[in-house]
Amino acid sequence: MDGPITQPAPAADLIGPAIRSAREAQGISLRELARRIGVSPSFVSQLERNKANASVGTLYALVEALGLSLDELMVKDSVSVGDTDAAGDGSQPPSAAFVDQVRDNSQDVRIAEWPPVEAPMQPAGSRARVQFPGVLWERLTRAADPFVEFLHVEYGPGSSSCAPDNMMRHGGREYGYVISGRISVQVGFDRYELSPGDAVTFDSMTPHRLSNPFDEPCQAVWVVVGRRGDERGRGAPTPTADVTHLPSLPA
């Protein structure tokens, strides 16, 4: 990554079509997916067409319902809001390989074999990413890993993973290490302020929130282990698509 975030950046517009392909590959109706994450079918439809806001928490709820890992929705090339394909609807058709991957990864990860590492190195300049206003997540593995989400994250001043009254909760365990800047991590009722060199570990089923109330960007390495294989997360309450749940994609 070339440098810290200085202003809100365009979102990765390939996420919506990827969600749609994952849903269709598993034979899940739009209405059923909406029911599972507690939002309206029209919201899911607009999200799949990149016409609606989607927060970090909402994306977590979606991938949980689809049995995916978040990094499987990351893309190599971010597309600015407003870019369109030949159909003119703002979407980008996913590849057949992606659909096949969704079918494969919809199986229970407890019976999956450890995937081979075909390309060990991930160059810094070509990381797959999910980008929100003030927040950037970049995958540190060359390909999606069904067991671990290994990320470089950046939270700009004033950004957060969710609203204070709508904290995230999902399966797995998280590990974070701060490279530069500072970040506030709330886990349950406890709040921790991390500085460069500090690290944090917590159970992801405990309601948690990351925020940067400071005046400089925070860069960190973040790892989520075992989210998809954690049975506790399957019945966890999912956050709603509330407009106050930041960070969100620009309208």
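This chain uses plain numbering: 1 for the first residue, then up along the sequence.
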Hey, could you give me the CD/CZ distance between Glu193 and Arg182, rounded to the nearest 0.5 Å? 6.5 Å

Would you compute the distance between atom CG of Leu210 and atom OH of Tyr192 and round it to the nearest 0.5 angstrom? 13.0 Å

Mind checking whether Glu48 and Ile19 have side chains closer than 4.5 Å, heavy atoms only? yes

Side chain Ser21, main chain Pro17, donor-acceptor under 3.5 Å: yes

I'd like to know if Phe214 and Val135 are part of one continuous hydrophobic network [Ile/Leu/Val/Met/Phe/Trp/Tyr, side-chain heavy atoms within less than 4.5 Å]. no

Does a side-chain heavy-atom distance below 4.5 Å link Val224 with His170? yes

Determine, stepwise, if the pair Cys218 / Glu154 fulfils side chain to side chain contact (heavy atoms under 4.5 Å, CB included). CA-CA 5 Å; Cys218 176; Glu154 184 170 341; over 6 Å; no

Using side-chain heavy atoms (C-beta onward) and a distance below 4.5 Å, is Phe150 in contact with Tyr175? no

Among Asp203, Thr201, Thr206, which residue satisfies the side-chain contact (heavy atoms from CB on, under 4.5 Å) criterion with Val187? Thr206

Same hydrophobic cluster for Val221 and Phe147, using side-chain heavy-atom links shorter than 4.5 Å among ILVMFWY? yes

Answer yes or no: is there a side-chain heavy-atom contact under 4.5 Å between Gln122 and Arg127? yes

Before giving the answer on side chain to side chain contact (heavy atoms under 4.5 Å, CB included), spell out for Leu194 and Val185 the whole-Å C-alpha distance, their side-chain angles and the decisive distance to 0.1 Å. CA-CA 8 Å; Leu194 278 63; Val185 179; 4.2 Å; yes

Under 4.5 Å between any side-chain heavy atoms of Pro123 and Arg142, yes or no? yes

Under a plain distance cut-off of 3.5 Å, with no hydrogens placed, do His152 and Gln219 share a side-chain donor-acceptor pair? yes

How many angstroms lie between atom CD of Glu174 and atom CG of Leu151, to the nearest 0.5 angstrom? 9.5 Å

To the nearest 0.5 Å, what is the distance between OG on Ser40 and CG on Leu30? 9.0 Å

In Å, rounded to the nearest 0.5 Å, how long is the span from OG of Ser161 to CD of Gln186? 10.0 Å

Is any side-chain heavy atom of Ile183 closer than 4.5 Å to a side-chain heavy atom of Val200? no

For a 4.5 angstrom cut-off between non-hydrogen side-chain atoms, does Pro157 reach Asp215? no

